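What follows is a set of notes on a single structure, which appears directly below.
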There are 2 protein chains.
Amino acid sequence: MAAVEGDDSATTGGSTLGYALLSLLTRGPATGYQLTQQVKAPLGHFWTARHSQIYPELARLAAAGWVDSVEQAGPGPRAKKTYAVTPAGLAALRAWLVIPPTAQPRSEITLKAYAATSADPTAMAALYTDLADRSTRLLAEYEHDAARMRAVGQDDPTHPRFGNYAVLMMGVESQRAVHRWARWLASCLRTGRPAAYGETAD
Amino acid sequence: MAAVEGDDSATTGGSTLGYALLSLLTRGPATGYQLTQQVKAPLGHFWTARHSQIYPELARLAAAGWVDSVEQAGPGPRAKKTYAVTPAGLAALRAWLVIPPTAQPRSEITLKAYAATSADPTAMAALYTDLADRSTRLLAEYEHDAARMRAVGQDDPTHPRFGNYAVLMMGVESQRAVHRWARWLASCLRTGRPAAYGETAD
DNA sequence: GCCCACATGTAATCAGTTACATGATTCT
DNA sequence: AGAATCATGTAACTGATTACATGTGGGC
């Protein structure tokens, strides 16, 4: 319930994780455990969080008045808490959404490519061949999910779960990009000579 | 120098940042200051680090015997140290390079898209239109750099700086992916109706 | 009886950012 | 005289992972 008098939410400018949880809760009320499951897909392709990070963050959101919770008797020693977004929480989320993000991407596989010439070419080529294979599998999986979503009209921006579709489409684009790049790089390292894009047949 | 008796390097399994610095140092010896500059491009498109993180990490690498340093008189109150990779450091780097990476990507802009329906559609469409514009500019920049590199034969996998070219090509692929996705998403949010890929003309 | 799913928390550690701190040289 | 570049470090804090800790109910 958290009936606080002073509005902390103005001073407490939430963390990115906090907004991620609010986004998940706009789909409907959930427990910390359920949020841990829901963050896995499709959001998990571009954002992850463990339960050990989620539970304290939910407590902070509740203290700020951005979510409230109802307690039921839980299976374990502690009570089970179901969280829901408050109007203040939704307002905070809406304000955050339209701020242009600045965070740089971090890609370990690209970092390894930077030092490609220091490694054994055969082993390195295998690494990028495996990556290309993995992206093929992921792409098939994502496109299958996307087709299912289109079938139920989730590609319509007025659908309440349109965001799931948008994230999935980013997954499709990303994996296509990774696939082309990894195939090209593997080809370069395998042959020891420059390869042009498109030269690497599928 | 760091003439340690026991080989710490086996137990001290380095951090990702450590390997990133070793990768940079394979281009030639450098000071901490130079590494902070060099990490900006092209590696900075996919990996960043501030000087406050680099200096302590260089000290750890030196303690592990993976780099050594020579001191010169510096401009400030402290001595300037130029670092170089040791054979042990190169071996550690080579071992790390061929391990398949597991780290998930994190994309704040995709997270925001997940909650797109909670925001004002006009403001949200503007966000992704701006992103599409930014990716256009970055793409032009990256392709210009790539053309310069090809002109000097840096697209050859035997060229010592081939890694710079490989990272840049990932930048090209990524920005193309972001561009297509952002244009599609902006179109969806602007019109309020589903848009297919390719429908959004450039 | 054992493993799995449900369910919630804390502690220790690692990674990364922001801010503090110093001081020489060169350009405008 | 002031700003920018060169140059190196530390401290405080935030973000995220790994590991510790507890306990129920259901299926094999």
Side-chain angles (χ1 to χ4, degrees), chain A residues 11-21 29-40 43-44 46-64 67 69-83 96 101-108 111, chain B residues 11-21 29-40 43-44 46-64 67 69-83 96 101-108 111:
Chain A
T11 46
T12 316
S15 67
T16 308
L17 174 63
Y19 294 113
L21 296 179
T31 65
Y33 184 83
Q34 288 175 317
L35 290 171
T36 330
Q37 309 305 117
Q38 286 167 26
V39 85
K40 284 175 189 167
L43 205 56
F46 296 100
W47 199 271
T48 52
R50 308 295 174 96
H51 80 273
S52 57
Q53 207 185 351
I54 289 171
Y55 287 113
E57 185 63 36
L58 282 171
R60 278 190 287 270
L61 291 173
V67 299
S69 61
V70 283
E71 298 193 10
Q72 299 117 289
R78 275 173 287 258
K80 174 174 130 175
K81 287 170 208 158
T82 302
Y83 292 90
W96 174 77
T102 48
Q104 318 285 337
R106 242 162 227 280
S107 165
E108 201 176 320
L111 173 58
Chain B
T11 46
T12 317
S15 66
T16 308
L17 175 63
Y19 294 113
L21 296 179
T31 65
Y33 184 85
Q34 288 174 318
L35 290 171
T36 37
Q37 309 305 116
Q38 286 167 25
V39 87
K40 284 176 188 166
L43 205 55
F46 296 99
W47 200 271
T48 51
R50 307 295 174 98
H51 80 274
S52 57
Q53 207 185 350
I54 289 171
Y55 286 113
E57 185 63 36
L58 282 171
R60 279 190 287 269
L61 290 173
V67 298
S69 61
V70 283
E71 297 193 10
Q72 301 117 285
R78 275 173 287 258
K80 173 174 132 177
K81 287 169 209 160
T82 302
Y83 291 89
W96 174 77
T102 49
Q104 318 286 337
R106 241 162 228 281
S107 165
E108 200 176 321
L111 173 58

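Please read all numbers here as calculations on a predicted model, not as lab measurements.
- Take Pro77(B) and apply the side-chain contact (heavy atoms from CB on, under 4.5 Å) test, not counting sequence neighbours, and it matches no residue.
- Gln72(B) places its CD atom 9 Å from the P atom of dA7(D), with the value rounded to the nearest Å.
- Applying the side-chain hydrogen bond (donor to acceptor under 3.5 Å, both in side chains) test to Arg106(B) and every residue at least two apart in sequence or in another chain returns Thr48(A).
- Remark: Arg78(A) pairs with no residue by the side-chain contact (heavy atoms from CB on, under 4.5 Å) rule, at least two apart or across chains.
- Residues passing the ring-ring contact (aromatic ring centres under 6.0 Å, His included) test with Tyr19(A), sequence neighbours excluded: Trp66(A), Trp96(A).
- With sequence neighbours excluded, the residues forming a ring-ring contact (aromatic ring centres under 6.0 Å, His included) with Tyr55(A) are His51(A), listed by chain and number.
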Can you give one letter per nucleotide of nucleotides 8-17 of chain C, going 5' to 3': B for a protein heavy atom under 4.0 Å from the base, S for sugar-phosphate only, - for none?
-> BBB----SBB

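- For the pair Lys40(A) NZ and dC6(C) C1', the computed distance is 12 Å after rounding to whole Å.
- With sequence neighbours left out, Ser107(A) forms a side-chain hydrogen bond (donor to acceptor under 3.5 Å, both in side chains) with Thr110(A).
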Identify all pairs in which a protein N or O lies below 3.5 Å from an N or O of nucleotides 24-28 of chain C, and state each distance.
{"residue": "dA24(C)", "atom": "O4'", "partner": "Pro75(B)", "partner atom": "O", "Å": "2.3"}

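- Remark: the backbone N or O of Thr31(B) is paired with a side-chain donor or acceptor of Gln34(B) at under 3.5 angstrom.
- Residues that satisfy the salt bridge (Lys or Arg N to Asp or Glu O under 4.0 Å) test with Glu57(B), not counting sequence neighbours, are Arg60(B).
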